[in-house]
> 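Have a look at this one.
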2 protein chains.
Amino acid sequence: MDTVTSPGLIKFEDAGAADIEAAMQESAKAFIIYRRLSLKQRANFLRAIAVEIESLGDELLHIAAAETNLSLERLAGERTRTLFQLRSYADACEHGDHLDIRIDHSKTGKPDLRKMMFPLGPVLVFGAANFPFAYSTAGGDTACALAAGCPVIVKAHPAHSNTSELVARAIHRAVELFHLPQGLFIHLHGASNSVGQALVEHPVVTAVGFTGSFAGGTQLAQWAAQRKVPVPVFAEMSSINPVFILPAKLSLDSAETAEKIAASVVLGVGQFCTNPGLLVVIDNDDASKFILDLGQRINQTMPGVMLNPGIFKNYVEKRANALAQPEVEMSAVSADAPGLNQGAPTLAVTTAQVFMANPLLHSEVFGPYTLVVKCSDENEMLEVARSLEGQLTMTLIATEEEIIRHQVLAETLQFNCGRFILNGVPTGVEVCLSMQHGGPFPATTDSRFTSVGADGIKRFVRPITFQNWPDHLLPAELRNENAGGLWRTVNNKKTKDSL
Amino acid sequence: MDTVTSPGLIKFEDAGAADIEAAMQESAKAFIIYRRLSLKQRANFLRAIAVEIESLGDELLHIAAAETNLSLERLAGERTRTLFQLRSYADACEHGDHLDIRIDHSKTGKPDLRKMMFPLGPVLVFGAANFPFAYSTAGGDTACALAAGCPVIVKAHPAHSNTSELVARAIHRAVELFHLPQGLFIHLHGASNSVGQALVEHPVVTAVGFTGSFAGGTQLAQWAAQRKVPVPVFAEMSSINPVFILPAKLSLDSAETAEKIAASVVLGVGQFCTNPGLLVVIDNDDASKFILDLGQRINQTMPGVMLNPGIFKNYVEKRANALAQPEVEMSAVSADAPGLNQGAPTLAVTTAQVFMANPLLHSEVFGPYTLVVKCSDENEMLEVARSLEGQLTMTLIATEEEIIRHQVLAETLQFNCGRFILNGVPTGVEVCLSMQHGGPFPATTDSRFTSVGADGIKRFVRPITFQNWPDHLLPAELRNENAGGLWRTVNNKKTKDSL
């Protein structure tokens with residue numbers, strides 16, 4: 001791959017009130033057309049978007065690299081992930097699993113009732129700073145909404161608006177190719193919060209997808225709740241992804257654990273929502289050795305350029321604030337002095353009592369930073385577990401014997417997260433049906449849904465029941481003949497048979 | 001059945017802050033025990049509740065009749081429905097459909113990921129005024145929450161607190177029989193709003209179920225959204241269940257339509273959430289004849305005693321207010337003068353222009369009241385459809401030819417309701433999987449879920465993924481051996497096979 005060229009980046013104007021109103025009217029009109037498409041047509045449209053993004057070639061990577069400081073290699077990987085998302089959600093759309101079809105019929109004296117999921121309506125998606133492809137313009141939220149049958153309005157993330165513009169053009173080409181209305185995909189710019197507010201508050205919007213900060217996500221949720229007609233907000237916000245390390249496992253695998261965790265902490269300059277920001281250990285000789293080992297690895301890791309000056313500034317401030325708390329000790333830092341906008345990998349240490357008494361230490365420091373919490377014993381470790389807020393992930397490092405002995409600890413962690421990892425690290429989020437990327441507040445605003453994997457389509461649909469409609473006037477998926485070969489629950493039995 | 005005896009009703013004290021705190025701590029403790037139960041154990045517990053309610057015998061009906069003015073016949077029917085709910089949700093719990101199990105395994109270089117639904121935690125349920133059994137103490141919300149694996153805290157409806165107390169005692173006996181913690185089912189009284197607020201705001205509560213007024217439901221949603229950790233509120237609130245009557249069908253079936261609709265309007269003194277409060281017709285001779293016919297039927301229907309003086313007072317005020325609007329005409333009213341707390345069946349008529357210009361006419365008049373809206377033509381009828389708020393149900397009375405010709409009207413109605421009825425009436429809500437009892441705001445606070453049918457269990461669960469856990473330490477439902485014979489999606493294929 002080439003080195004980053006300077007592609008002449010453009011500064012886009014914020015969308016004005018008239019732009020927004022016109023766009024929303026187009027979106028509402030597009031919904032009426034798009035919701036009539038068959039599952040197959042929708043799936044093929046998603047696949048066409050993938051083809052159009054591919055055909056942008058490496059110009060896309062160069063522009064994204066210039067805007068985000070991410071390496072071409074990382075961006076190529078993220079592009080692959082984005083294309084896989086579009087294609088696997090297209091497959092899921094075609095299988096119709098998200099339709100959750102239920103038919104009750106031919107019971108004497110009872111109505112004929114047939115239920116399935118239908119799209120909510122226009123979905124507003126905010127581009128994410130840390131994933132210019134996979135969680136932005138044609139990212140997971142957009143792919144899920146389109147698979148569900150919803151038009152999408154994207155507000156480009158201002159930190160990579162040229163990248164976003166290029167991807168939007170690819171989507172627009174797919175829209176044209178399928179002779180769909182332009183309002184099906186709207187792309188707007190807005191560096192100012194007022195654009196976001198106007199969009200969330202617009203009556204045409206029926207749901208919102210967001211990946212970003214706690215402050216941003218809760219602000220959107222507040223605007224959405226105060227509307228005349230409130231709408232759901234799926235905000236993935238804030239998680240410190242605690243790793244609980246039990247002593248017998250640590251004494252067995254100390255070096256391996258330190259190696260895996262250090263790599264996870266500094267991966268992508270720590271700019272992942274699943275970054276392990278908290279390590280909880282029992283204070284003993286093994287733990288001291290582990291902290292030293294981890295510190296050496298952190299010390300030997302070079303600082304990395306962060307996504308943008310805003311994120312860098314935020315890291316510096318939050319890290320400084322955490323380290324300035326009483327009885328929080330900086331245990332290790334990258335040996336190399338950080339350059340411009342470079343985040344320095346950092347390891348801090350404190351005690352369980354200090355951690356539990358200071359809410360600031362529970363909040364995310366977005367970047368290559370982690371805090372070790374030393375507990376005096378296993379009871380105190382359980383107290384730490386109980387003091388935690390909701391998380392995207394919890395990780396347990398333990399032997400089988402330890403898991404069985406610490407059932408209460410294990411369940412405390414399990415019931416406060418979306419993904420519960422054993423003897424691994426939280427970074428690395430597979431795109432598959434079994435993935436839960438979500439978790440109790442403040443990890444997300446709605447723990448009942450995932451933003452990764454085809455189950456994310458379920459965020460943008462709702463059930464409608466047809467009562468006593470003649471077969472030929474029903475939506476195709478609810479007719480007696482199961483032409484699409486979909487799984488349906490008929491009179492309480494799952495089947496692919498026609499009636 | 002006997003006539004109503006006077007069973008010596010008791011006035012219960014509101015729960016105080018200390019009662020609430022103690023109850024919540026018990027509920028949190030009970031969750032830790034109850035969530036470990038197998039699906040079969042939970043199902044059997046629900047069945048035991050049904051048995052205990054049955055063994056209350058007719059004393060339950062007499063007390064309920066004394067508190068609600070509902071007939072013993074209606075109450076016996078509602079008890080049957082309540083027992084059916086408990087037993088059919090028990091069956092659904094055992095089948096594990098709500099678990100939505102997804103397993104991805106043995107892909108080279110990929111983690112082993114297994115996802116299923118787990119209970120949210122303690123669920124707060126508010127008893128409903130109009131269903132003392134089926135949507136109160138051991139009603140749909142309670143049955144769904146218990147099937148999901150959640151402890152329940154019920155706030156008894158003050159208008160039938162003795163009934164609620166009796167049902168609660170039956171549940172407590174089932175709790176004892178199964179040696180479950182008392183905190184699994186908490187029953188509290190509270191005539192004052194402050195009790196409801198304290199309960200919604202308590203950190204132990206993880207979700208709220210409510211059936212009642214728009215003011216009540218939106219107030220609960222607001223309290224829940226303002227918590228430090230917001231929680232979902234499933235409030236079923238307000239719906240006028242519009243019936244759109246197209247001219248060709250009306251000219252064919254005028255008398256039959258008038259008969260069905262009149263019966264639906266006055267059923268149970270109009271005290272159903274699916275009461276048809278709006279009839280939309282094209283103004284022509286057939287329509288005039290239909291309105292006259294409907295009016296005669298309303299005129300011949302005796303007033304009925306309403307649930308309680310509060311609901312009666314509300315009906316009188318809302319009806320008077322609607323009838324006082326400019327250009328709204330009272331077309332017919334029950335010929336008999338209403339007695340104490342009796343609601344008089346009433347038919348009002350207005351024009352599409354008046355209806356669309358006056359939001360007050362869009363709001364529910366809870367009782368045996370309906371408003372006919374006369375449209376000058378089919379375009380105006382479409383405008384009326386577009387002017388409506390979200391509804392539990394929409395009904396279309398039309399010939400097949402009319403449905404096909406009015407696709408836009410049909411879709412406008414469909415996409416603004418939860419249940420779309422053809423040539424029927426909205427009253428009559430079957431308890432089955434294919435039922436959607438829910439709808440866009442203001443019908444409910446969350447259109448994505450139903451409060452009737454076993455899919456209501458899904459309101460109280462959320463997904464958790466297990467990553468790389470050894471088989472014997474996984475929850476039973478996620479293990480390689482599918483001992484329960486559950487449907488699971490394994491590597492994207494639905495199967496009941498073991499791995």
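Protein chains get the first letters and strands the later ones, always in sequence-line order, with residue 1 at the start of each.
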> Would you say that A:Ile32 contacts B:Thr412 through its side chain, given a criterion of any heavy-atom pair below 4.5 Å between the two side chains?
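With C-beta onward as the side chain, the pair stays apart.
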> Side chain from CB out, backbone as N, CA, C, O: work out which of these in A:Asp91 comes under 4.5 Å of a heavy atom of chain B, or both, or neither.
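Contact with chain B involves no heavy atom of A:Asp91 at all.
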> Distance check, rounded to the nearest 0.5 Å: A:His95 atom NE2 versus B:Thr489 atom OG1?
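A:His95 atom NE2 to B:Thr489 atom OG1 measures 11.0 Å (nearest 0.5 Å).
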> Can you tell me which portion of A:Asp446 sits under 4.5 Å from chain B's heavy atoms? Options are side chain, backbone, both or neither.
side chain
> So does B:Glu430 pair up with A:Lys107, basic N to acidic O under 4.0 Å?
no
> Chain B heavy atoms under 4.5 Å from A:Pro442: which part of the residue, side chain, backbone, both or neither?
neither
> With a 4.5 angstrom heavy-atom cut-off, is it the side chain or the backbone of A:Met116 that approaches chain B, or both, or neither?
neither
> Pick one of side chain, backbone, both or neither for A:Asp100, based on which atoms fall under 4.5 Å of a heavy atom in chain B.
side chain
> Of all heavy-atom pairs between A:Ser447 and B:Pro463, which one has the smallest distance, and what is that distance?
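Where A:Ser447 meets B:Pro463 most closely, the heavy atoms are O-CD, 3.5 Å.
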> To the nearest 0.5 Å, what is the distance between CZ (B:Arg36) and CD (A:Gln407)?
4.0 Å
> In Å and rounded to the nearest 0.5 Å, what is the CZ to CZ distance from B:Arg448 to A:Phe460?
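Output value for this atom pair is 9.5 Å.
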> Is it the side chain or the backbone of A:Ile421 that comes within 4.5 Å of chain B heavy atoms, both, or neither?
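The answer is both parts of A:Ile421.
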> Report yes if the side chains of B:Gln414 and A:Arg35 come closer than 4.5 Å at any heavy-atom pair, otherwise no.
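In short, these two side chains do not touch, never coming nearer than 4.5 Å.
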> Which region of A:His472, side chain (C-beta onward) or backbone (N, CA, C, O), has a non-hydrogen atom less than 4.5 Å from a non-hydrogen atom of chain B, or is it both or neither?
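Only the side chain of A:His472 comes within 4.5 Å of chain B.
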> Any idea which of B:Gly121, B:Pro232, B:Gly424 has the most non-hydrogen atom pairs under 4.5 angstrom with chain A?
B:Pro232
> Below 4.5 Å from any heavy atom of chain B, which atoms of A:Asp112 appear? Answer side chain, backbone, both or neither.
neither
> Going by heavy atoms in the side chains, are B:Asp104 and A:Leu433 under 4.5 Å from each other?
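Answer yes - side chains close enough.
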> Would you mind telling me which of B:Met435, B:Met117, B:His437, B:Arg459 has the largest number of heavy-atom pairs within less than 4.5 Å of chain A?
B:Met435
> Which word best sums up how the rings of A:Phe118 and B:Phe415 line up, parallel for under 30°, tilted for 30 to 60°, or perpendicular for over 60°?
perpendicular
> From A:Gln467 CD over to B:Thr395 OG1, what is the distance, rounded to the nearest 0.5 angstrom?
7.5 Å
> Below 4.5 Å, heavy-atom pairs only: which of A:Leu120, A:Val231, A:Asp97 has the largest tally toward chain B?
A:Asp97
> If you measure from NZ on A:Lys115 to OG on B:Ser434, what distance do you get to the nearest 0.5 Å?
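So the gap between those two atoms works out to 7.0 Å.
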> How many angstroms lie between atom CG of B:Leu422 and atom CZ of A:Phe466, to the nearest 0.5 angstrom?
10.0 Å
> Could you check which of A:Ala225, A:Gly438, A:Pro470 has the highest count of heavy-atom pairs closer than 4.5 Å to chain B?
A:Pro470
> Would you mind reporting whether A:Leu113 and B:Cys432 have side-chain heavy atoms less than 4.5 Å apart?
yes
> Using non-hydrogen atoms only, which part of A:Val461 is less than 4.5 Å away from chain B: side chain, backbone, both, or neither?
backbone
> Between B:Lys494 and A:Lys496, is there a side-chain heavy-atom distance shorter than 4.5 Å?
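No, too far: nothing below the 4.5 Å cut-off.
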> Please report the shortest heavy-atom distance between B:Ile403 and A:Trp469, naming the atom on each side.
CG2-CZ3, 3.7 Å
> Is chain A contacted by the side chain of B:Ile103, its backbone, both, or neither, given a heavy-atom distance below 4.5 Å?
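Backbone of B:Ile103 only, per the 4.5 Å heavy-atom cut-off to chain A.
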> For the NZ atom on B:Lys29, are there more than 12 heavy atoms of other groups (residues, nucleotides or ligands in this structure) within a distance under 6.0 Å?
no
> With a 4.5 angstrom heavy-atom cut-off, is it the side chain or the backbone of A:Thr206 that approaches chain B, or both, or neither?
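Nothing of A:Thr206, per the 4.5 Å heavy-atom cut-off to chain B.
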> Under 4.5 Å heavy-atom distance to chain B, tell me which part of A:Ile404 shows up: side chain, backbone, both or neither.
side chain
